[in-house]
Number of protein chains: 2
Amino acid sequence: MEKRAIANAWSGVSNCENCGIRHLALFADLEHTDFELIHKPIMEVEKKAGDRLYGEGDEGQFLYTVRSGVIKLTQYLPDGGQRIVRLLRTGDVAGLEVLVNPTYEHYATVLRDAELCQIPRDVVERLNRETPRLHNQLLNRWHTAVKQADEWLTELSTGSSKSRVARLVIGLSDKVDNSCYLFSREDLGAILGVTTETTSRIIAEFKREGSLKDLGKNHFLADLVRLQNIANEN
Amino acid sequence: MEKRAIANAWSGVSNCENCGIRHLALFADLEHTDFELIHKPIMEVEKKAGDRLYGEGDEGQFLYTVRSGVIKLTQYLPDGGQRIVRLLRTGDVAGLEVLVNPTYEHYATVLRDAELCQIPRDVVERLNRETPRLHNQLLNRWHTAVKQADEWLTELSTGSSKSRVARLVIGLSDKVDNSCYLFSREDLGAILGVTTETTSRIIAEFKREGSLKDLGKNHFLADLVRLQNIANEN
DNA sequence: TTGATGCATTGCGAATTATCAATGGAATAA
DNA sequence: TTATTCCATTGATAATTCGCAATGCATCAA
């Protein structure tokens with residue numbers, strides 16, 4: 001995990017303004033003068049799979065914009081059971097809740113090596129107070145989060161585990177080349193609320209029947225038509 | 001379903017400003033001058049259990065603040081399966097998504113007779129543009145929605161159906177007098193992602209073992225300690 | 001009161017999923 | 001190369017949940 005200061009205040013400003021993924025990021029709508037409101041450095045950090053960004057209950061100092069990679073947000077039950085409630089990808093923001101509450105509400109863990117912009121909470125709060133151009137982006141982020149949560153409830157937590165795995169694979173597939181990078185069976189199970197073994201059995205079955213072709217390293221070729229049928233069955 | 005215009009523009013304004021539940025409502029932080037920005041009537045509507053506020057895909061003309069009663073937000077799967085993704089109660093807002101998208105994203109149905117404030121989308125959009133005092137409330141609403149969705153994923157869609165029913169009953173219980181108003185077994189099942197029969201069996205079992213005491217009309221006395229144990233078991 | 005209606009409950013067999021334990025296979029380090 | 005380690009897969013069995021049909025129960029209207 002390497003940390004590279006984009007900057008002291010001024011050059012941090014300069015870099016955000018020219019960020020390659022700015023059109024996807026929280027600061028998409030900011031104008032030149034807005035960037036002058038940023039008086040704390042925004043760091044670009046790299047994290048490896050397995051690294052933790054923050055834990056539930058930790059004091060929320062930073063928000064994170066995902067530049068690349070995948071982050072999982074996890075919550076635990078009293079009995080120790082865990083559930084992955086959301087996946088964050090390029091352009092998504094982790095830790096939005098610290099604008100409303102002092103602490104984080106999830107464990108944020110890197111699922112695939114990630115590059116992130118680490119933004120001090122103060123910076124976002126100040127921009128939120130002083131320029132209206134951040135508001136729409138913030139509302140959009142919240143909306144996206146609710147939408148994903150609702151989809152997970154209806155699509156990934158309803159029906160037989162077979163259809164649910166199928167829906168998850170479809171959701172993780174690149175619709176252009178039908179390729180699909182999966183996660184460990186344990187993580188897939190934690191997304192779906194089923195056991196590791198059940199997930200494994202179903203994916204193995206998909207491979208046997210040709211719905212998935214194994215390309216190695218958890219990379220698959222997906223037969224989306226077939227999977228869609230399974231997804232709709234039950 | 002009776003509709004009573006609070007007003008032409010001016011008296012609508014006046015009434016919102018003096019609303020009995022304003023401290024809970026979307027307009028909680030507005031100041032006197034902000035109310036003058038409201039140039040369309042806000043209607044107070046009464047709906048009976050079973051009435052529908054709007055459907056998924058409908059053009060989103062209104063937001064609704066719940067004054068009393070309970071509203072369910074439902075999504076459907078292609079195979080016809082349905083899932084209740086959220087319950088709205090006093091102070092909650094239905095239809096927030098129309099500030100971001102043109103159409104509603106759920107079916108909103110009255111679960112218990114409800115009184116609602118029907119607010120034209122334009123009104124909220126204008127206030128959102130012209131007064132910063134609505135922003136925090138909007139962010140808060142979104143945050144609440146995400147939080148409830150996440151809780152439903154971890155608590156109501158994880159573990160055995162018995163623990164899930166127990167967690168749901170606890171969540172629906174009045175912590176002061178341990179009383180609990182349930183819904184039809186079908187609705188409870190749609191909240192938990194299990195069948196009506198399974199839900200019914202579990203609640204019947206709770207009654208037999210004394211975790212719930214039936215007071216008639218889906219009103220129960222809950223033994224929260226016992227239920228909590230069941231909730232944590234598995 | 002008497003039906004009629006709409007739910008809730010229950011029984012039972014089938015299907016699904018969990019659980020525990022063993023085996024297999026691929027990637028990595030020595 | 002050879003171990004080693006970490007997962008994924010599979011088997012066997014138990015437990016849970018579903019699906020369908022029958023029955024019970026309370027409410028409401030005639």
*Do A:Tyr76 and A:Tyr107 have ring centres separated by under 6.0 Å?*
yes
Residue pairs meeting side chain to side chain donor-acceptor pair (under 3.5 Å), one or both in residues 63-74 of chain A, sequence neighbours left out, come to A:Tyr64-A:Gln118, A:Ser68-A:Glu115, A:Lys72-A:Asp187
Salt-bridge test for A:Arg86 and B:Asp150: reply yes if a basic N is under 4.0 Å from a carboxylate O, no otherwise. yes
Span of DNA chain C engaged by chain B, first through last nucleotide within the 4.0 Å heavy-atom cut-off, is C:dA8 to C:dC12
Going 5' to 3' through nucleotides 8-21 of chain D and flagging B where a protein heavy-atom sits under 4.0 Å of the base, S where only the sugar-phosphate is that close, and - otherwise, we get SBBBB----SSBB-
Residue pairs passing the side chain to side chain donor-acceptor pair (under 3.5 Å) test with at least one member in residues 152-161 of chain B, sequence neighbours excluded, are A:Gln75-B:Thr154, A:Arg83-B:Thr158, B:Arg83-B:Ser157, B:Ser160-B:Ser163
**OP:** Tell me yes or no: between the side chains of B:Thr199 and B:Thr196, is some donor less than 3.5 Å from an acceptor?
**Re:** no
In DNA chain D, consecutive runs of at least three Watson-Crick or G-U pairs below 3.5 Å, as range with range, amount to C:1-30 with D:1-30
Pair B:Asn232, B:Arg167: side-chain N/O donor-acceptor within cut-off below 3.5 Å: no
Above 12 or not: heavy atoms from other molecules or residues under 6.0 Å from CD of B:Gln148?
yes
query = Would you say the side chain of A:Val169 lies within less than 4.5 Å of the side chain of A:Leu182, judging by non-hydrogen atoms?
reply = yes
* Asked: If only atom types and distance count, is the side chain of A:Asn218 paired as donor or acceptor with the main-chain N or O of A:Tyr181 below 3.5 Å?
  -> no
Residues pairing under salt bridge (charged side-chain N to carboxylate O under 4.0 Å, His left out) where one sits in residues 193-215 of chain A, two or more places apart or in two chains, turn out to be A:Lys162-A:Glu205, A:Lys207-A:Asp214
